2 protein chains.
Amino acid sequence: MAKAGVSSQLVREGAGRSGATKQILVEAAIETLKAKGFSGASARAIADQAGCNQALVFYHFGSVVNLLLAALDDVSNSRFERYSTALDQASTPTELVDVAADIFRKDLDAGYVTVLVEMIAGASSIPGLGPEVSTRIAPWTQFASRAISATLGDSGLGSMVPASQAAYGIVALYLGLEMLTHLDGDRAPALALFDHARQLAVLFQNLGGSPGTTKPKEAR
Amino acid sequence: MAKAGVSSQLVREGAGRSGATKQILVEAAIETLKAKGFSGASARAIADQAGCNQALVFYHFGSVVNLLLAALDDVSNSRFERYSTALDQASTPTELVDVAADIFRKDLDAGYVTVLVEMIAGASSIPGLGPEVSTRIAPWTQFASRAISATLGDSGLGSMVPASQAAYGIVALYLGLEMLTHLDGDRAPALALFDHARQLAVLFQNLGGSPGTTKPKEAR
DNA sequence: GTCTATACTTGGATAGAC
DNA sequence: GTCTATCCAAGTATAGAC
């Protein structure tokens with residue numbers, strides 16, 4: 001919009017100011033995916049959201065799909081970072097559920113998981129997109145697997161259901177809850193599920209789920 | 001393609017023959033949604049799949065979205081019918097998991113859930129589509145709720161987690177597993193989860209989950 | 001790097017012949 | 001009911017001015 005004046009100089013700043021059009025486009029792509037879905041995320045719609053020109057999408061990313069993948073990368077990275085620090089605070093199943101519920105609620109409101117869902121669903125439409133998306137989803141499952149192992153890997157349940165497979169289910173549940181929540185615009189049912197999951201976690205701990213390493217704090 | 005010869009007469013047959021172009025278009029829409037996703041399900045693509053003309057989409061359904069909704073209706077009805085008969089065979093949690101796993105595997109291979117997923121994800125793109133899709137998803141949750149109530153509604157777990165909320169989670173999991181399976185083209189992880197769910201169901205029954213009404217057959 | 005302009009393609013939808 | 005032909009809107013992508 002406002003001309004830079006500084007001729008042909010790269011302006012590198014962390015946030016807000018112009019110059020980092022690439023990042024602005026990525027953020028606009030995220031917003032557009034959230035608001036209009038995959039098939040609504042055209043170069044024109046994204047550029048409109050970004051407040052810049054449609055041609056810049058192709059200049060910076062080569063194609064719309066590449067921009068969308070960059071958006072997925074951005075979301076994945078930022079979420080992954082956040083999750084990792086949050087995980088360090090959880091050592092018992094109950095704490096894990098608490099942390100997961102807290103993260104889920106914030107992600108739900110922020111619409112981050114919508115980006116994943118739309119990209120996964122949209123992958124059917126474009127040849128070759130599937131593997132690209134799959135690669136970017138993998139860290140989520142791995143993270144969930146680590147989290148599960150860390151909190152109840154040594155318990156009886158952990159030996160029955162391998163962490164990696166439980167993680168697969170958790171990620172699936174995460175995606176499915178996002179879909180339903182987004183569809184109905186009502187996050188209450190999903191959040192209620194986390195309340196019950198917490199109750200079950202408490203029950204599980206009290207039943208002597210993990211007697212060896214960590215003493216359950218919430219025991220009867 | 002081959003002209004009917006019978007002038008201006010409605011040919012009503014259950015399957016296969018021409019005349020019921022509407023139904024052919026519906027089935028083509030389902031196939032196209034499965035193969036190319038929501039944003040790939042254009043009037044031209046569907047008509048191509050149906051082997052008929054693109055204008056017929058608008059003649060019979062008025063718009064592409066209406067056809068897609070008709071396709072969703074078709075899938076929902078046929079699945080709902082199938083599930084209802086299958087449910088009658090299950091009275092214990094273990095049997096429920098068995099039935100659910102069997103249904104899920106067949107649906108997965110047939111790609112029926114893909115239609116739901118694509119329509120839910122695509123609902124973001126088109127104003128007003130969300131509620132329409134939501135209405136057609138509701139029976140699935142209701143069905144799951146009934147199934148859960150019927151098998152473990154009277155158990156201790158049933159009193160902890162209301163059936164309607166558990167059903168919400170099950171449907172979400174169902175959708176999420178479909179997404180991941182479809183994305184990776186590998187149904188093994190999802191099927192493995194059902195194996196573990198069955199183990200847990202057996203364990204649950206043996207722990208005296210539902211001692212009152214139905215005697216667990218698989219008890220130690 | 002960013003804009004305007006434009007070429008090209010695809011898709012939704014309608015009109016009219018058969 | 002089905003087809004051809006067509007219009008129009010929207011999308012991808014590129015060329016070239018600034």
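Because only heavy atoms are used, hydrogens play no part in the values below, and waters and symmetry mates are left out as well, while side chains stay in. Because the structure is predicted, anything quoted here is derived from the model rather than measured. In what follows, chains are A, B, ... by sequence order, proteins preceding strands, each numbered from 1.
Residue B:Leu56 places its side chain closer to D:dT2 than to any other of C:dG1, C:dC3, D:dT2. With C:dT4, C:dG1, D:dC3 as the candidates, the nucleotide lying closest to the side chain of B:Ala55 is D:dC3. The nucleotide whose nearest atom lies closest to any side-chain atom of B:Thr21 is, among C:dA5, D:dG1, D:dC3, D:dG1.
Remark: C1' of D:dG16 and CG of A:Asn53 are 13 Å apart, rounded to the nearest angstrom. Between B:Asp48 atom CG and C:dT10 atom P the separation is 13 Å, expressed in whole Å. Rounding to whole angstrom units, CD of residue B:Gln54 and P of D:dT6 are separated by 14 Å. In this structure, B:Lys22 places its NZ atom 11 Å from P of D:dT2, rounding to the nearest Å.
Surrounding OH of B:Tyr112 are at most 12 heavy atoms belonging to other residues, nucleotides or ligands under 6.0 Å away.
Exactly one residue among A:Val75, A:Leu68, A:Asp107, A:Ile120 makes a side chain to side chain contact (heavy atoms under 4.5 Å, CB included) with A:Val115. That residue is A:Val75.
We find the CG-OH distance between B:Leu180 and A:Tyr168 to be 4.5 Å, quoted to the nearest 0.5 Å. Taking CE of B:Met119 as the reference point, atom CG of B:Leu69 lies at 4.5 Å (rounded to 0.5 Å).
Listed in residue order, the members of residues 58-67 of chain A having a heavy atom less than 4.0 Å from DNA chain C are A:Tyr59, A:His60.
Two end axes, each from the C1' atoms of five base pairs, can be drawn for the helix from C:dG1-D:dC18 to C:dC18-D:dG1; they diverge by 0°, to 10 degrees.
Using a distance-only test at 3.5 Å, with no hydrogens or angles considered, no donor-acceptor pair links the side chain of A:Glu118 to the main chain of A:Thr114. With B:Lys36 contributing its side chain and B:Ser42 its backbone, the two residues share no donor-acceptor pair below 3.5 Å.
Electrostatic pairing of A:Asp102 and A:Lys106 counts as a salt bridge here, judged by a charged N lying under 4.0 Å from a carboxylate O.
Residues A:Ser39 and B:Ser39 have side chains that never bring a donor and an acceptor to within less than 3.5 angstrom of each other.
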